[in-house]
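Take a look at the structure below.
A quick note: this is a predicted structure, and the numbers were derived from the prediction, not measured.
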Amino acid sequence: MAAACPSRPAAQETVAAQLLGVLWFVSVTTGPWGAAAIAAAGGEETLKCEDLTILTYICKDPKINDATQEPVNCTNYTAHVPCFPAPNITCKDFSGNETHFTGNEVGFLKPISCRNVNGYSYKVAVALSLFLGWLGADRFYLGYPALGLLKFCTVGFCGIGSLIDFILISMQIVGPSDGSSYIIDYYGTRLTRLSITNETFRKTQLYP
């Protein structure tokens with residue numbers, strides 16, 4: 001009595017279907033709705049979509065406060081931007097209510113990082129350091145009165161201290177004394193410090 005075995009064409013059709021699914025996902029993520037992410041990474045906290053493990057959505061740019069140059073409603077280094085799920089997606093919340101999205105409804109709010117600023121302008125600090133650094137104006141402005149007075153009495157440590165302070169302030173190494181960040185144009189040049197930790201992967205350098 002012969003045992004029934006799955007035919008090879010059926011297995012090949014399964015593999016082909018999986019490949020088509022991967023190609024479809026790549027085409028979706030590289031299209032206009034390219035902000036695709038696993039639901040657990042962004043939208044599952046608010047939305048639970050039936051028969052979907054991938055939630056495709058697009059998020060708007062944050063609204064920038066003209067005075068602080070940071071996202072509006074920035075609290076505890078976090079702001080939120082609205083995200084819109086792709087059209088023809090039906091989601092169910094935790095109460096069982098279904099929502100059909102057409103691409104114009106806000107699905108959830110995505111948290112983004114923002115900086116704490118307290119009125120200290122980067123442009124003003126650099127200008128004071130360049131033109132009045134020998135009088136200690138830059139240190140007075142940033143909230144270091146003792147160093148400012150010392151620079152004033154020594155004429156910027158004979159010019160050497162003024163040059164060092166100008167380099168440190170322009171590289172954003174020296175900041176306001178209260179620990180806040182400079183006010184810098186949101187889409188302008190700003191320094192982002194990177195560090196190597198246990199969560200950082202360091203690739204071995206290969207030299208020819």
- [ ] Hey, could you give me the CG/NZ distance between Leu135 and Lys151, rounded to the nearest 0.5 Å?
- [x] 9.0 Å
Task: Cys59 vs Phe84 side-chain heavy atoms within contact, under 4.5 Å - done: no
Task: pair Asn88-Phe101: side-chain heavy atoms closer than 4.5 Å - done: no
Does [X] share a hydrophobic cluster with [Y], counting links as ILVMFWY side-chain heavy atoms below 4.5 Å and allowing steps through other members?
X      : Y      : value
Ile64  : Ile183 : no
Tyr141 : Ile173 : yes
Ile184 : Tyr77  : no

Return yes when atom [atom1] of [X] has more than 12 non-hydrogen atoms of other residues, nucleotides or ligands closer than 6.0 Å, and no otherwise.
X      : atom1 : result
Ile160 : CD1   : no
Asp185 : CG    : yes
Phe152 : CZ    : no

- [ ] Look only at the side chain of Tyr144 and the backbone of Asp138, and say whether a donor-acceptor pair between them is shorter than 3.5 Å.
- [x] no
Task: Ring center gap for Tyr57 and Phe108 short of 6.0 angstrom - done: yes
Open item on the list: Test: disulfide (SG to SG under 2.5 Å). Region: residues 92-144. Which pairs qualify, not counting sequence neighbours?
Closed with: Cys74-Cys114
Task: Members sharing Phe140's hydrophobic cluster (side chains within less than 4.5 Å) - done: Leu149
- [ ] With side chain to side chain donor-acceptor pair (under 3.5 Å) as the test, would you mind laying out the steps for Asn76 and Thr78 before giving the verdict?
- [x] CA-CA 5 Å; Asn76 295 329; Thr78 304; over 6 Å; no
Open item on the list: For a quick test of reading the model, state the closest non-hydrogen atom pair linking Tyr186 to Pro62 and the distance between them.
Closed with: OH-CG, 3.5 Å
